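For reference, positions follow the sequence shown, starting with 1. Computed from a predicted structure; not experimentally measured.
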Amino acid sequence: AEKSNNTTVMEFILVGFSDISNLQWILFGIFFVTYLMILLGNSIIILITRTDPTLQNPMYFFLANFSFLEICYVTVTVPRMLIDIWTQKGNISFLACATQMCFVLMFGGTECLLLTVMAYDRYVAICNPLNYSLVMNHKVCIQLVAGSWISGIPFEIGQTCQIFSLSFCGSSTINHFFCDIPPILKLACGDTFVNEMEVYIVSVMFSMVPFLLIVASYGKIISNILKLSSAKGRAKAFSTCSSHLTVVVLFYGTAAINYLQPKSNQSEGLGKLLSLFYTILTPVMNPVIYSLRNKDVMVALKKLL
């Protein structure tokens with residue numbers, strides 16, 4: 001017989017950063033400014049890649065999509081977090097929490113796939129330059145982007161449903177600033193081993209497989225660059241890849257550390273800090289990295305201003 005004190009949780013409470021209450025307003029200021037920077041920086045990238053005639057090639061088409069994705073990704077988590085800090089309440093309904101998790105997973109999965117598409121684009125541009133415009137024609141670009149956005153949806157919806165079909169009893173306090181898988185699995189009662197395995201399988205599918213494809217692309221790219229005879233050619237070829245590579249390392253490094261740790265030995269404070277990194281840092285740095293490392297973007301930006 002079930003014990004009657006297994007009350008079902010109807011809403012969660014996001015702790016966010018309320019455990020460091022003396023820094024609340026400083027954090028609010030930092031996150032608010034950061035959010036505006038993300039919106040502005042990525043919108044400018046979208047604007048110049050759509051309007052500037054010199055940036056009408058696949059690389060910038062993917063970059064515009066990536067910037068749009070960054071805006072979506074951050075909008076799912078940061079405004080909610082700002083409201084929680086402002087109102088000093090962290091209550092979030094079961095449904096809102098599930099919805100937030102689903103979108104976070106969806107945009108996160110898309111980001112992994114889109115970064116892979118961008119790596120493939122650089123691979124074709126550097127290793128097969130004569131056929132570049134043939135291989136990466138407009139139709140192919142649209143299919144690759146659509147595939148990145150759509151292919152993960154069934155998995156992410158499935159994973160969310162599966163996690164929220166667990167029973168939650170006892171504590172309803174999520175020690176995090178958004179509804180993420182590791183902190184929510186901690187609140188589930190009973191054995192969550194199967195769920196953890198499924199999280200691993202999906203995250204390996206959507207993070208490790210794309211990551212290995214990116215590594216393979218860059219292996220080919222680097223060996224090709226090294227074959228180039230002129231130092232100038234090498235520098236030019238590498239500069240087109242370096243910005244993408246920087247974004248990949250930033251995003252994957254922090255996400256992998258966060259998700260591929262067993263639930264028991266992940267300290268919650270560290271988990272929160274790392275999530276903050278890949279939630280906010282990549283979107284902030286993306287426009288900066290691309291505009292600083294890329295002459296064409298700099299020229300287009302000057303024209304726009």
For this session: Among Val199, Ile201, Asn195, find the residue that satisfies the side chain to side chain contact (heavy atoms under 4.5 Å, CB included) test when tested with Gln159.
Result: Val199
For this session: Describe, in one word, how the ring planes of Phe168 and Phe164 are oriented to each other, choosing from parallel (under 30°), tilted (30 to 60°) and perpendicular (over 60°).
Result: tilted
For this session: Let me see the working for Met136 and Phe62 under side chain to side chain contact (heavy atoms under 4.5 Å, CB included), right down to the final yes or no.
Result: CA-CA 11 Å; Met136 299 301 278; Phe62 297 134; 3.6 Å; yes
Exercise. Would you say Phe28 has more than 12 foreign heavy atoms packed within less than 6.0 Å of its CZ?
Worked result: yes
Seminar exercise, completed: One should read off an interatomic distance between Leu185 CG and Leu166 CG, to the nearest 0.5 angstrom, of 6.5 Å
For this session: Return yes if a side-chain donor-acceptor contact under 3.5 Å exists between Asn128 and Tyr123, otherwise no.
Result: no
For this session: Mind checking the CD-OG1 spacing from Glu198 to Thr192? Nearest 0.5 Å is all I need.
Result: 11.5 Å
Exercise. What class does the angle between the rings of Phe68 and Trp149 fall in, given that below 30° is parallel, 30 to 60° is tilted and above 60° is perpendicular?
Worked result: tilted
Exercise. Around atom CZ of Phe32, are there more than 12 heavy atoms of other residues, nucleotides or ligands at under 6.0 Å?
Worked result: no
Exercise. Is the closest side-chain heavy-atom distance between Asn65 and Val117 below 4.5 Å?
Worked result: no
Exercise. Would a 4.5 Å heavy-atom cut-off, applied to side chains only, mark Cys97 and Ile174 as touching?
Worked result: yes
Exercise. For Trp86, does the CH2 atom sit with more than 12 other heavy atoms under 6.0 Å from it, leaving out its own atoms?
Worked result: no
Exercise. Would Val104 and Met101 count as a side chain to side chain contact (heavy atoms under 4.5 Å, CB included) if you check the C-alpha gap in whole Å, the side-chain angles of each, and the deciding distance to 0.1 Å?
Worked result: CA-CA 5 Å; Val104 166; Met101 181 190 281; 5.7 Å; no
Problem set entry | Derivation of the side chain to side chain contact (heavy atoms under 4.5 Å, CB included) call for Leu36 and Leu40 | CA-CA 6 Å; Leu36 292 182; Leu40 186 68; over 6 Å; no
Exercise. Is there a donor-acceptor pair closer than 3.5 Å between any side-chain N or O of Ser165 and the backbone N or O of Gln162?
Worked result: yes
Problem set entry | Student check: side-chain heavy atoms of Cys241 and Ile221 closer than 4.5 Å | yes
Exercise. Is Asn175 close to Pro183 at the side-chain level, that is, under 4.5 Å between some pair of heavy atoms?
Worked result: no
For this session: Return yes if some donor-acceptor pair links the side-chain N/O of Glu11 with the main-chain N/O of Asn91 below 3.5 Å, else return no.
Result: no
Problem set entry | Under 3.5 Å donor-acceptor, Gln88 side chain and Asp84 backbone | no
Exercise. Counting only heavy atoms not in Lys303, do more than 12 fall under 6.0 Å of its NZ?
Worked result: yes
Exercise. Is there a donor-acceptor contact under 3.5 Å from the side chain of Asn42 to the main chain of Pro283?
Worked result: yes
Exercise. Should we say atom OH of Tyr60 is surrounded by more than 12 heavy atoms from elsewhere, each under 6.0 Å from it?
Worked result: yes
Exercise. Are the ring centres of Phe103 and Phe107 closer than 6.0 Å?
Worked result: yes
For this session: List the steps and the verdict of side chain to side chain contact (heavy atoms under 4.5 Å, CB included) for Lys89 and Ile83.
Result: CA-CA 8 Å; Lys89 285 190 190 75; Ile83 293 166; over 6 Å; no
Exercise. Is the Phe12-His176 ring centre distance short of 6.0 angstrom?
Worked result: no
For this session: Give a yes or no on whether the backbone of Lys139 and the side-chain of Asn137 come within a donor-acceptor separation of less than 3.5 Å.
Result: yes
Problem set entry | Any side-chain heavy-atom pair of Val140 and Leu144 under 4.5 Å | yes
Exercise. Short question: side chain of Glu111, backbone of Met106 - any donor-acceptor pair under 3.5 Å?
Worked result: no
